[in-house]
Asks: 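Below you will find the structure I want to go over with you.
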Amino acid sequence: YPLPPLYLYFLALLLRLGGGLVSIQLVQVALGTAAVGLVYRTARLWGGERAAWLSAALAASTGALTFYELLLIPAALDPFLAALALYLVAAALRAPARTHSLRGAAAGIALGLFAINQPRGFILAGGLAAVLIATRRARLALLLAGGVLVAAGPTLIRNYLVAADTTPISSHGGLSFHIGNNASAGGTHAPAGGITPSLVTERQDARRAAEQAIGRALDDSEVSAHYY
């Protein structure tokens, strides 16, 4: 995949069901509202009712979350997916050892979906697994890792079958890094090194520039690596 695919499938599903711009925005607002509820429940598990209401109020008043809910970009799903994963991890940790298996695996699946939408979700999953291992909860860490593999594994398999490439999620990371960090970067999606800032042409421009610089044909992961 050139871009993380979850949000594309999310849009495709809603459009297939007959939705339009407004209905997509309404679904995203509903997911954002659910994220606030999940923040409340997570905080209540750890700190009680007062902490839960304070955490929910802070989440609900975070302008960036409500802003992204109305845009057709992957970040619209991030608050819900992250809040769901963290709630399930908290619920698994607070549950008796004999009953936390399902919640631990579900948390891993939620983190895997988050990673399919934003590959940095792997960093969150790895950090949580490391903390669990360090606190002698290795079984829960394995359940978490298994859930991530169940959710994100098909994307890796698809990339290998379609493009003979082992990129876990998408091959756009290097180009995004270059656009945001090159010498002329100004904080916007602007031309960089002859790469037109367009979803239609930037992949072709990036491949052509990378292959000219290296002097041979490159696969998708090699093109991405060139721009880091």
Side-chain angles (χ1 to χ4, degrees), residues 1 3-10 13 31-32 34-48 51-52 55-56 59 74-174 176-177 220-221 224-225 228:
Y1 290 103
L3 295 170
L6 182 65
Y7 190 68
L8 302 178
Y9 286 122
F10 170 78
L13 174 62
L31 291 175
V36 173
L38 289 165
V39 169
Y40 169 86
R41 296 190 66 178
T42 302
R44 188 173 64 176
L45 285 172
W46 293 115
S55 299
L77 302 184
D78 290 347
F80 172 75
L81 293 172
L84 176 61
L86 293 175
Y87 166 70
L88 290 170
V89 169
L93 288 170
R94 303 292 287 182
R98 65 180 182 278
T99 63
H100 69 197
S101 297
L102 181 61
R103 290 170 180 170
I109 291 173
L111 284 168
L113 292 174
F114 183 30
I116 298 173
N117 195 54
Q118 297 285 358
R120 61 178 176 270
F122 285 124
I123 299 175
L124 176 59
L128 286 171
V131 170
L132 291 172
I133 293 172
T135 54
R136 299 182 180 180
R137 295 181 173 92
R139 182 171 181 271
L140 185 55
L142 287 174
L143 289 168
L144 190 77
V148 171
L149 185 60
V150 167
T155 304
L156 174 60
I157 294 171
R158 181 266 178 198
N159 285 343
Y160 182 77
L161 293 177
V162 172
D165 194 293
T166 56
T167 301
I169 301 297
S170 66
S171 59
H172 201 264
S176 295
F177 180 85
D220 290 341
S221 60
S224 181
Y228 279 111

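Hydrogens, waters and symmetry mates play no part in the numbers below; they use all other heavy atoms, side chains included. Since the structure is predicted, the reported quantities are computational estimates derived from the model, not experimental observations.
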Asks: Has the side chain of T135 got a donor or acceptor atom that lies under 3.5 Å from a matching backbone atom of L132?
Replies: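 Yes: the side chain of T135 pairs with the backbone of L132.
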
Asks: Please round to the nearest 0.5 Å and tell me the distance separating atom OH of Y7 and atom CD of Q118.
Replies: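 Result: 11.5 Å between the selected atoms.
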
Asks: Given 3.5 Å as the limit, does a donor-acceptor pair link the side chain of R44 with the main chain of A52, or not?
Replies: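 Side chain of R44 to backbone of A52: no pair is present.
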
Asks: Compare all side-chain heavy atoms of L6 with those of P74 and state whether any distance is below 4.5 angstrom.
Replies: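 A side-chain contact under 4.5 Å is absent here.
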
Asks: So, for P154 and L149, which heavy atoms are closest and what is the spacing to 0.1 Å?
Replies: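 Heavy atoms only, the tightest pair is CD-O, 4.1 Å.
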
Asks: Minimum heavy-atom separation for A92 and G104, please, with both atom names.
Replies: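 Here A92 and G104 meet closest at CB-N, 3.9 Å.
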
Asks: Please report the shortest heavy-atom distance between V89 and A107, naming the atom on each side.
Replies: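 Where V89 meets A107 most closely, the heavy atoms are CG2-CB, 3.6 Å.
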
Asks: Side-chain contact test, heavy atoms from C-beta onward, threshold under 4.5 Å: evaluate it for P4 versus P119 and give yes or no.
Replies: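 P4 vs P119: side chains touch.
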
Asks: Under a 4.5 Å cut-off applied to non-hydrogen side-chain atoms, are L38 and F80 in contact?
Replies: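 SC-SC contact between L38 and F80 confirmed.
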
Asks: If you measure from OH on Y40 to CG on L45, what distance do you get to the nearest 0.5 Å?
Replies: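 The CG atom of L45 is 10.5 Å from OH of Y40, to the nearest 0.5 Å.
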
Asks: Specify the closest pair of heavy atoms between A75 and P79, including all atoms of both residues, with the distance to one decimal.
Replies: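 A75 and P79 have their closest heavy atoms at O-CD, 3.3 Å.
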
Asks: To the nearest 0.5 Å, tell me how far L84 CG sits from R41 CZ.
Replies: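 So the gap between those two atoms works out to 10.5 Å.
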
Asks: Which value, rounded to the nearest 0.5 Å, describes the distance between L86 atom CG and F114 atom CZ?
Replies: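 Atom-to-atom, L86:CG and F114:CZ are 8.5 Å apart.
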
Asks: Can you tell me how far the OG1 atom of T155 sits from the CD1 atom of I116, to the nearest 0.5 Å?
Replies: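 So the OG1 of T155 and the CD1 of I116 are separated by 4.0 Å.
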
Asks: For L111 and L128, what are the C-alpha separation, side-chain angles and deciding distance, and is it a side-chain contact (heavy atoms from CB on, under 4.5 Å)?
Replies: CA-CA 10 Å; L111 284 168; L128 286 171; 3.9 Å; yes

Asks: Enter the distance from L102:CG to L88:CG here, rounded to the nearest 0.5 Å.
Replies: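 The CG atom of L102 sits 9.0 Å away from the CG atom of L88.
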
Asks: Testing the basics here: between A141 and A129, what is the closest heavy-atom pair and its distance to 0.1 Å?
Replies: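 Nearest pair, atom of A141 first, then A129: CB-O, 3.8 Å.
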
Asks: With side-chain contact (heavy atoms from CB on, under 4.5 Å) as the criterion, how do D78 and R120 come out once you've worked through the C-alpha distance, each side chain's angles and the decisive distance to 0.1 Å?
Replies: CA-CA 11 Å; D78 290 347; R120 61 178 176 270; 3.7 Å; yes

Asks: Quick one: does F10's side chain get under 4.5 Å of L31's, heavy atoms only?
Replies: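 Yes, close enough: below the 4.5 Å cut-off.
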
